[in-house]
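What follows is a set of notes on a single structure, which appears directly below.
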Amino acid sequence: MEHLAFKSVKDKVCVITGGGGVLGTSMARGLASAGVITVILDINVEAAKKVASEVSSDYGVKSYGFKTNVLDRASLEEVRKKILDEVGEIDMLINGAGGNSPKATTRLEQITEEELDHMEDGFFGLELEGFQKVFDLNFTGTLLPTLVFAKDMVARQKGVILNVSSMNAYKPLTKIPAYSAAKASINNFTEWLAVHFAKVGVRVNAIAPGFFLTNQNRFLVTDEQTGALTPRGEKIIANTPMGVFGEPDDLNGTVLYLLSDMSNFITGICIPVDGGYSAFGGV
Ligand code: NAD
């Protein structure tokens, strides 16, 4: 099916970092359905190549998969050259690589009087290494690809950047302080960069997915053995007015909208795609 509303993105080139992951894969398929040539970058090269090959055979639109570490500038520079040689100029960038780590996750939601003897189960048990890992992946992993890929866009005075935020950016979730703060930094950086690039034709926006069942949160919201919702999973569903987890494909309309000329006058915003989670006060 041809998406006429998004015809401005047809045959354009979009780089997706973390494109081998659950949401990245869905975005790549959504973009290919509108005729976008996708370049899937992932540290997991098998995943990147698999997504690219499935996308090209399912949609008949070219897709490329390359190994890249978003935390390594040399790796990004190398892949930029490869893309310019083998694919063409980059029109759009989705900074999708990101995620949380168990090393930056507390067991306790809150410290209570009863827990004073084992404070290491809360904030005091967190290691700097875990914090740094999560900050690096989410913030530096957005900053570095933007430094490497956006320069050509600015020089050509045309391009679109889409960052991936989270519900945690608005109000932190318990247990995951590093991920929450790192995603808050994405919203702030999105606004800063949008202003910085506003006069040279490069737009910068973000999406904030609500709760989607994927690799990075599965261990927190479902029981490994039974697959049943954990108490935390139940809380999430109770706080999502639509009453369900999102399906990765639910992001695609918003992604296409923010990348296409349909949102020509929009820069510096973050759109929640969350089944109403961010609108709900919990009562
Ligand atoms: P995912 O773990 O399925 O995908 C992340 C991908 O990033 C993986 O393929 C991984 O190999 C890749 N990656 C990790 N480190 C990398 C590196 N250094 N260089 C290059 N690639 C690297 O996660 P996902 O759920 O698809 O999440 C995608 C984005 O959406 C992340 O930014 C995440 O924080 C955000 N997000 C997810 C949810 C959710 O419910 N799943 C909600 C809000 C935001």
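Just follow the structure's listing: the first ligand is 1, and inside any ligand the first atom is 1. Note that the structure is a prediction, hence the values are computed from the model and not measured. We're numbering straight along the sequence, starting at 1.
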For [X], counting its heavy atoms only, list the atoms of ligand 1 lying under 4.0 Å from any of them.
{"X": "T214", "answer": "25 (O), 39 (C), 41 (N)"}
{"X": "T68", "answer": "19 (N), 20 (C)"}
{"X": "L137", "answer": "15 (N), 16 (C)"}
{"X": "S165", "answer": "43 (C), 44 (C)"}
{"X": "G210", "answer": "40 (O), 42 (C), 43 (C)"}
{"X": "P209", "answer": "42 (C), 43 (C), 44 (C)"}

Going by heavy-atom distance to [atom], choose the closest among [options].
{"atom": "atom 11 (O) of ligand 1", "options": "N69, T25, D42", "value": "D42"}
{"atom": "atom 28 (C) of ligand 1", "options": "A47, G96, G21", "value": "G96"}
{"atom": "atom 5 (C) of ligand 1", "options": "G24, G99, G98, G20", "value": "G98"}

Check this for me - ligand 1, [X], N or O atoms closer than 3.5 angstrom, yes or no?
{"X": "I43", "result": "yes"}
{"X": "L41", "result": "no"}
{"X": "L23", "result": "yes"}
{"X": "V70", "result": "yes"}
{"X": "L213", "result": "no"}

- Does ligand 1 have any atom sitting under 4.0 Å from a heavy atom of Y179? yes

- Query: Can any side-chain N or O of T106 pair as donor or acceptor with the backbone N or O of F123 at less than 3.5 Å?
  - Reply: no

- Task: Check whether any side-chain N or O of D274 sits under 3.5 Å from a backbone N or O of S278 as a donor-acceptor pair, and report yes or no.
- Result: yes

- For ligand 1, indicate whether the residue M167 contacts it via side chain, backbone, both or neither (heavy-atom separation under 4.0 Å). neither

- Message: Quick check on E129: does its CD atom have over 12 non-hydrogen neighbours (other residues, nucleotides or ligands) under 6.0 Å away?
- Response: no

- Message: Under the criterion side-chain hydrogen bond (donor to acceptor under 3.5 Å, both in side chains), I'd like the reasoning laid out for D249 against S26: C-alpha separation, chi angles, the key distance, then a yes or no.
- Response: CA-CA 6 Å; D249 289 358; S26 171; 2.8 Å; yes

- Task: For the pair D91 and K12, find out whether any cationic side-chain nitrogen is under 4.0 Å from an anionic carboxylate oxygen.
- Result: no

- Query: Charged N to carboxylate O below 4.0 Å: is that the case for D261 and K7?
  - Reply: no

- Side chains of N163 and T142: is there a donor and an acceptor less than 3.5 Å apart? no

- Item | From OG (S165) to CG (N187), nearest 0.5 Å | 3.5 Å

- Task: From the options F245, F211, F212, select the one residue that forms a ring pair (Phe, Tyr, Trp, His ring centres under 6.0 Å) with Y277.
- Result: F211

- The side chain to side chain contact (heavy atoms under 4.5 Å, CB included) partner of N100 among L173, T105, N138 is T105

